K.L.:
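Structure incoming, see below.
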There are 2 protein chains.
Amino acid sequence: MFELDVRSRKPIYEQLVEKLKQLIINDVLKEDEKLPSVRELAQQLTINPNTIQKAYRELESQGYIYSLKGKGSFVHPSGKVNNEEELKKVREELKKLFAEAIYLGVSSEEIAALLREVEGGQEND
Amino acid sequence: MFELDVRSRKPIYEQLVEKLKQLIINDVLKEDEKLPSVRELAQQLTINPNTIQKAYRELESQGYIYSLKGKGSFVHPSGKVNNEEELKKVREELKKLFAEAIYLGVSSEEIAALLREVEGGQEND
DNA sequence: CTACTGTATTAGGAGTGATAATACAGTTAA
DNA sequence: TTAACTGTATTATCACTCCTAATACAGTAG
């Protein structure tokens with residue numbers, strides 16, 4: 001499915017969250033698609049099931065997946081997330097990153113171009 | 001100068017880096033202005049000098065300040081940073097955050113509006 | 001019932017964050 | 001030169017987090 005950098009300074013569960021987020025956002029994992037079970041993914045990646053669970057719990061709290069006891073974990077449909085707390089965080093992050101980028105010399109035109117680039121590759125309902 | 005949240009899950013030195021970055025970006029700390037010395041700031045904030053140094057080292061590696069042995073640490077002039085590694089990181093972060101925001105339901109129009117908002121409050125050379 | 005799912009808890013080892021105490025090196029002013 | 005600043009480096013110690021390991025419980029499906 002993907003690789004993890006065990007010797008990285010970043011925690012494994014955070015790397016997992018990021019990678020799965022990318023797969024969900026880029027529609028590799030479709031709406032309501034079943035994710036690998038905690039134990040199955042743990043075996044595939046040769047890491048502990050608890051670490052997987054921690055990543056899934058984080059993804060659920062951020063609104064990217066939902067979990068049903070006894071059934072599995074599934075991709076949360078885009079747009080129907082409605083996680084006001086996460087939205088607030090993302091807006092704050094955007095503003096902070098904009099100020100940072102501009103300070104470092106990235107023009108607002110280039111930033112807008114990056115946005116259009118990402119926008120093109122998305123297509124949401 | 002500012003406050004830190006010791007009982008936060010975020011490391012103190014990272015909080016320091018963020019706060020100082022904000023002060024520099026928002027021009028509260030002017031170009032080439034001298035920052036408090038490692039020991040002085042440590043005393044003011046009641047934290048260990050080594051923690052301050054770690055934050056300063058990080059800020060220097062990111063291009064926000066420069067340090068001169070025996071003299072002090074100073075604000076690196078905006079635009080003259082020229083830290084290609086940091087620029088690359090920031091561009092990657094922007095793209096990742098754009099995809100994330102759009103997935104969560106933030107329209108690209110709103111993102112562009114946030115950019116203009118930040119852009120207005122900056123004014124760089 | 002059996003074999004899957006998610007979820008929770010406890011325990012232990014490894015690594016990081018923060019503190020403390022020094023030490024060394026370069027600058028500046030008396 | 002000396003004294004008092006600066007940044008920088010090292011070592012040791014403690015607490016906390018990350019990760020693993022081993023269970024256990026609860027809900028679902030055949």
Side-chain angles (χ1 to χ4, degrees), chain A residues 1-21 24 29-77, chain B residues 1-21 24 29-30 32-76:
Chain A
M1 202 172 187
F2 45 71
E3 318 88 44
L4 296 176
D5 184 4
V6 182
R7 72 201 68 181
S8 166
R9 48 272 156 215
K10 264 192 191 169
I12 295 178
Y13 83 95
E14 281 188 19
Q15 295 179 50
L16 244 177
V17 167
E18 286 179 16
K19 302 241 178 183
L20 287 171
K21 243 191 232 184
I24 292 173
L29 297 171
K30 315 286 186 185
E31 296 192 358
D32 293 313
E33 180 173 339
K34 189 172 179 305
L35 295 171
S37 79
V38 167
R39 293 169 181 81
E40 187 188 346
L41 187 53
Q43 196 175 9
Q44 282 183 18
L45 301 177
T46 333
I47 59 184
N48 195 281
N50 294 332
T51 307
I52 306 288
Q53 194 206 339
K54 190 168 185 179
Y56 278 15
R57 193 191 312 142
E58 178 69 17
L59 282 168
E60 182 163 25
S61 86
Q62 290 186 24
Y64 286 88
I65 69 174
Y66 59 94
S67 298
L68 302 177
K69 200 184 286 185
K71 294 189 142 181
S73 297
F74 307 84
V75 177
H76 196 122
Chain B
M1 201 171 188
F2 44 72
E3 319 86 45
L4 296 175
D5 186 4
V6 182
R7 70 201 68 183
S8 166
R9 48 273 156 215
K10 264 192 190 169
I12 293 178
Y13 84 95
E14 281 189 17
Q15 295 180 49
L16 245 176
V17 167
E18 287 180 16
K19 302 242 178 185
L20 286 170
K21 244 192 231 185
I24 293 173
L29 296 172
K30 315 285 185 184
D32 292 315
E33 179 174 339
K34 190 174 178 302
L35 295 171
S37 79
V38 166
R39 294 169 180 80
E40 185 188 346
L41 187 53
Q43 196 175 8
Q44 281 182 21
L45 301 178
T46 333
I47 59 183
N48 196 280
N50 294 333
T51 307
I52 307 288
Q53 195 206 339
K54 191 168 185 179
Y56 278 15
R57 194 192 311 140
E58 178 67 18
L59 282 167
E60 183 164 23
S61 86
Q62 290 188 22
Y64 286 89
I65 70 175
Y66 59 94
S67 299
L68 303 176
K69 200 183 284 185
K71 294 189 143 182
S73 297
F74 307 84
V75 177
H76 196 123

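Throughout, protein chains are lettered first and strands after them, A, B, ... in sequence-line order, and every chain is numbered starting at 1. The structure displayed is predicted, hence computed values, not measured ones.
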K.L.:
How close or far is atom P of D:dT6 from atom OH of B:Tyr66, stated in whole angstroms?
P.N.:
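Taking OH of B:Tyr66 and P of D:dT6, I get 16 Å after rounding.
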K.L.:
Assuming nearest nucleotide by heavy-atom distance, tell me which of B:Ser37 and B:Asn50 is located more 5' along DNA chain D.
P.N.:
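So the residue in question is B:Ser37.
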K.L.:
Between atom NZ in B:Lys34 and atom C1' in D:dT6, what is the gap in whole Å?
P.N.:
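Atom NZ in B:Lys34 sits about 7 Å away from atom C1' in D:dT6.
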K.L.:
Would a 4.5 Å heavy-atom cut-off, applied to side chains only, mark B:Ile65 and B:Leu29 as touching?
P.N.:
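No, too far: nothing below the 4.5 Å cut-off.
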K.L.:
Given atom NZ of B:Lys69 and atom P of D:dA4, what is their separation to the nearest angstrom?
P.N.:
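Those two atoms, NZ and P, are 22 Å apart.
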K.L.:
Could you list all N or O pairs between the protein and nucleotides 28-30 of chain C that sit under 3.5 Å apart?
P.N.:
unit_1 : atom_1 : unit_2  : atom_2 : d
C:dT28 : OP1    : B:Lys71 : NZ     : 3.4

K.L.:
Without decimals, in angstroms, what is the distance between A:Glu40 CD and C:dT5 P?
P.N.:
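In whole Å, C:dT5 P and A:Glu40 CD are 6 Å from each other.
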K.L.:
Indicate for each nucleotide in nucleotides 13-19 of chain D, in 5' to 3' sequence, whether protein heavy atoms under 4.0 Å reach the base (B), only the sugar-phosphate (S), or nothing (-).
P.N.:
-----SS
K.L.:
So does B:Ser67 get a backbone contact from the side chain of B:Glu60, meaning a donor-acceptor N/O pair under 3.5 Å?
P.N.:
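Such a contact is found between B:Glu60 side chain and B:Ser67 backbone.
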K.L.:
Measure from CD on A:Gln53 to P on C:dT7 and round the result to the nearest Å.
P.N.:
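Taking CD of A:Gln53 and P of C:dT7, I get 6 Å after rounding.
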K.L.:
Would you indicate whether the side-chain heavy atoms of A:Lys34 and A:Lys71 approach each other to under 4.5 Å?
P.N.:
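They are not in side-chain contact.
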K.L.:
What is the ring orientation for B:His76 with B:Tyr66, classed by angle as parallel under 30°, tilted 30 to 60°, or perpendicular over 60°?
P.N.:
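The arrangement is perpendicular - the two ring planes meet at more than 60°.
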K.L.:
What distance do A:Leu41 atom CG and A:Tyr56 atom OH have between them, rounded to the nearest 0.5 Å?
P.N.:
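Going from CG on A:Leu41 over to OH on A:Tyr56, the span is 4.5 Å.
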K.L.:
Check every atom of D:dA22, C:dT7, D:dG7 against the side chain of A:Val38 and return the nucleotide holding the closest atom.
P.N.:
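Closest nucleotide to the A:Val38 side chain: C:dT7.
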K.L.:
Are the side chain of B:Gln15 and the backbone of B:Lys10 linked by a donor-acceptor contact shorter than 3.5 Å?
P.N.:
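Pair found, side chain donor or acceptor close to backbone of B:Lys10.
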K.L.:
Does D:dT6 have OP1 or OP2 sitting under 4.0 Å from an N or O in the side chain of B:Ser73?
P.N.:
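Indeed not, no polar side-chain atom of B:Ser73 lies that close.
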K.L.:
How far apart are the C-alpha atoms of A:Leu35 and A:Leu59, what are their side-chain angles, what is the distance that settles it, and do they pass the side chain to side chain contact (heavy atoms under 4.5 Å, CB included) test?
P.N.:
CA-CA 12 Å; A:Leu35 295 171; A:Leu59 282 168; 5.6 Å; no
K.L.:
Mind checking the CG-CD spacing from B:Asn48 to B:Gln43? Nearest 0.5 Å is all I need.
P.N.:
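The CD atom of B:Gln43 is 12.5 Å from CG of B:Asn48, to the nearest 0.5 Å.
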K.L.:
Whole angstroms only, please: what is the CD1-P distance between A:Ile52 and D:dA21?
P.N.:
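For the pair A:Ile52 CD1 and D:dA21 P, the rounded distance is 13 Å.
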K.L.:
Does A:Glu33 reach the main-chain N or O of A:Lys30 with its side chain, forming a donor-acceptor pair under 3.5 Å?
P.N.:
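Flag set: sc A:Glu33 to bb A:Lys30 pair under 3.5 Å.
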K.L.:
What is the separation between atom CD on B:Gln43 and atom C1' on C:dA21, rounded to the nearest whole Å?
P.N.:
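In whole Å, C:dA21 C1' and B:Gln43 CD are 16 Å from each other.
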K.L.:
Listed in order of residue number, which residues of residues 56-64 of chain A have a non-hydrogen atom at under 4.0 Å from DNA chain D?
P.N.:
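Per residue number, the list is empty: none.
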K.L.:
Could you check B:Ile47 against B:Ile52 for side chain to side chain contact (heavy atoms under 4.5 Å, CB included), going step by step and ending with a plain yes or no?
P.N.:
CA-CA 8 Å; B:Ile47 59 183; B:Ile52 307 288; 3.6 Å; yes
K.L.:
Are A:Ser67 and C:dG6 close enough that a side-chain N or O sits under 4.0 Å from OP1 or OP2?
P.N.:
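So the side chain of A:Ser67 is outside the cut-off, no N or O lying under 4.0 Å from OP1 or OP2 of C:dG6.
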K.L.:
On a plain distance test, is the side chain of A:Arg39 in donor-acceptor contact with the base of D:dT23 below 3.5 Å?
P.N.:
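Between D:dT23 and A:Arg39, which were checked side chain against base, a qualifying N/O pair under 3.5 Å is absent.
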K.L.:
Please name the pair of heavy atoms, one in B:Ile24 and one in B:Tyr64, separated by the smallest distance, quoted to 0.1 Å.
P.N.:
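Result for this residue pair: CD1-O, 3.8 Å.
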K.L.:
Please step through side chain to side chain contact (heavy atoms under 4.5 Å, CB included) for the pair B:Val38 and B:Asn50, ending with a clear verdict.
P.N.:
CA-CA 8 Å; B:Val38 166; B:Asn50 294 333; over 6 Å; no
K.L.:
Write down the distance between CG (B:Leu68) and P (C:dA25), rounded to a whole number of angstrom.
P.N.:
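Taking CG of B:Leu68 and P of C:dA25, I get 18 Å after rounding.
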